[in-house]
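Inspection log for the structure reproduced underneath, given as structure tokens.
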Amino acid sequence: MSGFVYLVGAGPGDPELLTLKGLKALQQADVVLYDRLIAPELLDYAPAGAERLYVGKDLGSPSQPRQDAIHEALVAHAQQGKTVVRLKGGDPFVFGRGSEEAAYLRQHGISYAVVPGVSSAIAGPGAAGIPVTHRGISAGFCVFAGQEGEANHLPESHWQAAALIGTAVFLMGVARLPKILEKQRQYGRPESTPVALIASATCPEQRVVTGTLATIESLVSEILPPAIIVIGDVVGVRELL
């Protein structure tokens with residue numbers, strides 16, 4: 001008899017931002033496969049006898065072999081009749097590769113449910129006092145995978161969109177900040193455009209650095225991942241809040 005897999009979004013870092021549905025899934029888990037950026041306290045919600053397996057992709061390690069191993073582990077545990085929780089930072093379908101895992105589970109006949117999580121793309125800026133939209137300032141926002149930039153995987157049309165939309169949010173982009181800023185200038189963002197980097201968003205050690213396209217690179221030498229990059233005039237709203 002096959003088990004069941006929950007693909008659970010753990011939220012941006014603060015353990016209290018786990019959803020009630022995510023909590024209920026954890027409480028019935030036989031196995032928890034968890035990522036690098038989840039709050040460790042969340043593992044305490046799983047039953048004492050549940051197996052806890054770290055499957056995070058550490059910085060600098062090849063991601064695809066590790067992802068393939070995660071796919072196989074999800075299926076293997078479910079085929080043993082276990083209730084499996086795949087616990088991911090943020091939301092499973094926002095750069096979390098949750099859709100790949102869901103497709104693999106379906107391909108192998110494993111029942112699953114997706115439990116959406118609070119995405120750091122919105123909650124991170126919000127925790128820093130930066131709304132991604134604000135009436136009269138920005139009527140829309142886009143979210144981009146920052147790590148795509150360095151390898152030139154991000155199409156030029158996306159770079160252009162990032163410069164033209166009111167608010168551009170880049171996740172996982174700290175190491176590619178120079179490239180991101182360069183492309184914003186290339187497609188017309190003024191040098192005076194406000195920029196914020198939010199490190200460890202929603203956590204007690206959260207740190208926020210603000211500047212402009214012209215100045216931000218010189219201000220963030222000590223900012224380490226995980227951090228969120230927000231570009232747009234909404235960054236200035238932080239001063240009002």
Side-chain angles (χ1 to χ4, degrees), residues 1-13 17-39 42-43 45-46 50-123 141-155 157-158 161 169-173 225-226 228:
M1 178 179 178
S2 290
F4 195 90
V5 176
Y6 291 97
L7 304 174
V8 177
L17 292 176
L18 178 71
T19 66
L20 181 58
K21 192 166 187 174
L23 173 62
K24 289 179 178 179
L26 270 174
Q27 289 174 333
Q28 56 185 299
D30 297 310
V31 183
V32 181
L33 282 70
Y34 64 97
D35 277 352
R36 181 172 61 92
L37 297 179
I38 69 146
L42 293 179
L43 298 175
Y45 290 121
E51 191 174 0
R52 294 155 172 82
L53 302 174
Y54 174 70
V55 295
K57 300 180 183 72
D58 297 317
L59 294 175
S61 63
S63 63
Q64 193 56 50
R66 180 66 63 87
Q67 187 63 44
D68 292 341
I70 291 170
H71 290 170
E72 294 167 4
L74 290 173
V75 169
H77 286 292
Q79 287 177 337
Q80 296 173 28
K82 297 177 181 178
T83 297
V84 183
V85 170
R86 174 73 173 100
L87 192 61
K88 300 170 169 288
D91 180 274
F93 282 5
V94 181
F95 305 132
R97 305 188 73 165
S99 55
E100 297 174 38
E101 293 168 2
Y104 192 87
L105 291 168
R106 186 174 187 274
Q107 181 183 4
H108 288 79
I110 304 298
S111 298
Y112 68 90
V114 178
V115 181
V118 177
S119 174
S120 60
I122 299 171
F141 70 99
C142 286
V143 183
F144 300 90
Q147 87 273 22
E148 295 291 318
E150 192 69 17
N152 293 319
H153 293 156
L154 201 63
S157 59
H158 287 191
V169 179
F170 289 86
L171 305 182
M172 306 168 290
I228 301 159

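The chain is numbered in sequence order, starting from 1. Just the heavy atoms: all of them, side chains too, but no hydrogens, waters or symmetry mates, feed the values below.
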Worksheet item: Can you name the nearest heavy-atom pair linking Asp91 to Gly117, along with the distance?
Response: OD2-N, 3.0 Å
Worksheet item: Can you tell me how far the OH atom of Tyr104 sits from the CZ atom of Arg97, to the nearest 0.5 Å?
Response: 13.0 Å
Worksheet item: How close do Phe144 and Cys142 get, heavy atom to heavy atom, and via which atoms?
Response: CE1-CB, 3.4 Å
Worksheet entry | ring pair (Phe, Tyr, Trp, His ring centres under 6.0 Å) against His158, all qualifying residues, sequence neighbours excluded | none
Worksheet item: Hey, is OH on Tyr45 packed in by over 12 heavy atoms from elsewhere, all under 6.0 Å?
Response: no
Worksheet item: Which pair of heavy atoms, one from Gly22 and one from Val115, lies closest together, and at what distance?
Response: N-CG1, 3.6 Å
Practice prompt. Mind listing the closest non-hydrogen atom pair of Phe170 and Gly146 along with its distance?
Written response: CD2-CA, 4.2 Å
Response to the item:
The side-chain contact (heavy atoms from CB on, under 4.5 Å) partners of Gln79 (sequence neighbours excluded) come to Val75, Ile110
Item to complete: Take Val8 and Leu26, measure what side chain to side chain contact (heavy atoms under 4.5 Å, CB included) needs, and give me the verdict at the end.
Response: CA-CA 9 Å; Val8 177; Leu26 270 174; 5.7 Å; no
Discussion item. Using 0.5 Å steps for rounding, measure from the NE2 atom of His71 to the CZ atom of Arg66.
Written reply: 13.0 Å
Worksheet item: Within the side chain of Arg86, is there an N or O that forms a donor-acceptor pair under 3.5 Å with the backbone of Val84?
Response: no
Discussion item. To the nearest 0.5 Å, what is the distance between CG on Leu18 and CD1 on Ile38?
Written reply: 9.5 Å
Practice prompt. Could you grab the distance from atom CZ of Phe93 to atom NZ of Lys88, nearest 0.5 Å is fine?
Written response: 9.0 Å
Fill in: Nearest heavy atoms of Ser120 and Ile228, plus distance in Å
O-CD1, 3.3 Å
Fill in: Leu105 side, atom CG; Ser2 side, atom OG - distance, nearest 0.5 Å
10.5 Å
Worksheet item: After noting the C-alpha distance and the side-chain angles of Asp35 and Val55, does the key distance pass the side chain to side chain contact (heavy atoms under 4.5 Å, CB included) rule?
Response: CA-CA 6 Å; Asp35 277 352; Val55 295; 4.1 Å; yes
Response to the item:
On a heavy-atom basis, the closest approach of Val118 and Pro12 is O-CD, 3.5 Å
Discussion item. Please check if the number of heavy atoms outside Lys21 that lie under 6.0 Å from its NZ is greater than 12.
Written reply: no
Worksheet, complete the sentence: The reported gap from NE2 in His77 to OG1 in Thr83 (rounded to nearest 0.5 angstrom) is 12.5 Å
Worksheet entry | ring pair (Phe, Tyr, Trp, His ring centres under 6.0 Å) partners of Tyr6, counting only residues at least two apart | Phe4
